[in-house]
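Here is the structure we will look at.
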Amino acid sequence: MRLALFQPAIPQNVGACIRLSACFGVELHVIEPTGFRFDDRAMKRAALDYGPLSHLVRHADWDAFQRDRGPGRLVLFTTRGATPLQAFAFREDDVLLFGSEPTGAPDHVHAAADARVVIPLQPGARSLNLSVSAGIALWEGLRGG
């Protein structure tokens with residue numbers, strides 16, 4: 001299982017996802033461009049003491065990610081999702097993809113997804129924080145939900 005962030009805009013969310021991927025032993029793929037300066041110093045600061053960032057893979061753009069991501073279904077988490085999280089059957093090689101914080105995933109990313117999943121919220125609630133959503137999704141995926 002792998003996490004992927006499509007053009008993230010908030011460095012703190014990437015930092016939280018770096019820690020998440022390090023703690024659960026999964027790769028984190030960041031699809032650029034990002035909405036902030038993405039350099040080793042900033043990411044080391046965001047990752048705190050979680051060791052080397054060998055689990056972090058950066059992709060110059062969507063096409064590079066698609067070309068290099070390897071096998072497995074692309075599972076897009078979206079508020080426009082079709083399948084509720086609790087009804088989705090994960091596979092070991094799934095790539096859990098999350099859209100940009102301010103805009104979500106564009107139509108071409110939705111079209112490329114093998115599955116679209118929504119984390120059910122209370123009526124009237126807009127969305128969860130990106131890193132919170134990634135943590136929920138990753139935990140469900142790893143436990144075989």
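All residue numbers in this chain count up from 1 along the given sequence. Bear in mind that the values here come from a model prediction, so they are computed numbers and not experimental data.
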* Asked: Does Asp68 pair with Arg58 as a salt bridge, N-O distance under 4.0 Å?
  ->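 Salt bridge absent between Asp68 and Arg58.
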
* Structure fact -> Sorted by chain and residue number, the salt bridge (charged side-chain N to carboxylate O under 4.0 Å, His left out) partners of Asp63 (sequence neighbours excluded) come out as none

Can you give me the closest heavy-atom contact between [X] and [Y], atom names plus distance?
X	Y	result
Leu20	Ala134	CD2-C, 3.7 Å
Phe36	Pro8	CE2-O, 3.7 Å
His59	Ala64	ND1-O, 3.9 Å
Arg73	Ala89	NH2-O, 2.9 Å
Ala105	Arg80	O-NH2, 3.4 Å

* Measure from the side-chain N and O atoms of Gln7 to the backbone N and O of Thr34, and report whether any donor-acceptor pair falls under 3.5 Å. => no

* Answer yes or no: is there a donor N or O on one side and an acceptor on the other, between the side chain of Asp93 and the main chain of Pro71, under 3.5 Å? => no

* Checking ring-ring contact (aromatic ring centres under 6.0 Å, His included) against Phe6, which of Phe65, Phe98, Trp62 comes through? ->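 Looking at Phe65, Phe98, Trp62, the match for Phe6 under the ring-ring contact (aromatic ring centres under 6.0 Å, His included) is Trp62.
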
How many angstroms lie between atom [atom1] of [X] and atom [atom2] of [Y], to the nearest 0.5 angstrom?
X	Y	atom1	atom2	answer
Leu96	Ile136	CG	CD1	12.5 Å
Ser100	Leu130	OG	CG	8.5 Å
Arg2	Glu27	CZ	CD	6.5 Å
Leu3	Ser133	CG	OG	11.5 Å
Leu142	Glu92	CG	CD	9.5 Å
Met1	Glu140	CE	CD	10.5 Å

Same apolar cluster (I L V M F W Y, side chains within < 4.5 Å links), [X]/[Y]:
X	Y	value
Leu74	Phe90	no
Phe24	Val95	no
Val75	Val132	yes

Mind checking whether [X] and [Y] have side chains closer than 4.5 Å, heavy atoms only?
X	Y	value
Ile31	Asp61	no
Leu85	Pro120	yes
Leu28	Leu5	yes
Val14	Ile10	no

* To do: Could you check Arg69 against His29 for side chain to side chain donor-acceptor pair (under 3.5 Å), going step by step and ending with a plain yes or no?
  => CA-CA 8 Å; Arg69 71 178 169 93; His29 295 255; over 6 Å; no

* **Working for side chain to side chain contact (heavy atoms under 4.5 Å, CB included), residues Leu76 and Val117** => CA-CA 6 Å; Leu76 177 63; Val117 176; over 6 Å; no

* To do: Start with the C-alpha gap between Ile18 and His55, add the side-chain angles, then the distance that decides, and say whether side chain to side chain contact (heavy atoms under 4.5 Å, CB included) holds.
  => CA-CA 8 Å; Ile18 287 171; His55 59 281; 3.8 Å; yes

* **Leu128 vs Leu121, side chain to side chain contact (heavy atoms under 4.5 Å, CB included): CA-CA, chis, key distance, verdict** => CA-CA 8 Å; Leu128 292 167; Leu121 304 176; 3.7 Å; yes

* Under the salt bridge (charged side-chain N to carboxylate O under 4.0 Å, His left out) rule, what pairs show up with a residue in residues 116-129, not counting sequence neighbours? ->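 Pairs touching residues 116-129 that pass the test: none.
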
* Where do Val109 and Leu97 land on the side chain to side chain contact (heavy atoms under 4.5 Å, CB included) test, with the steps shown first? -> CA-CA 9 Å; Val109 173; Leu97 176 64; 3.6 Å; yes

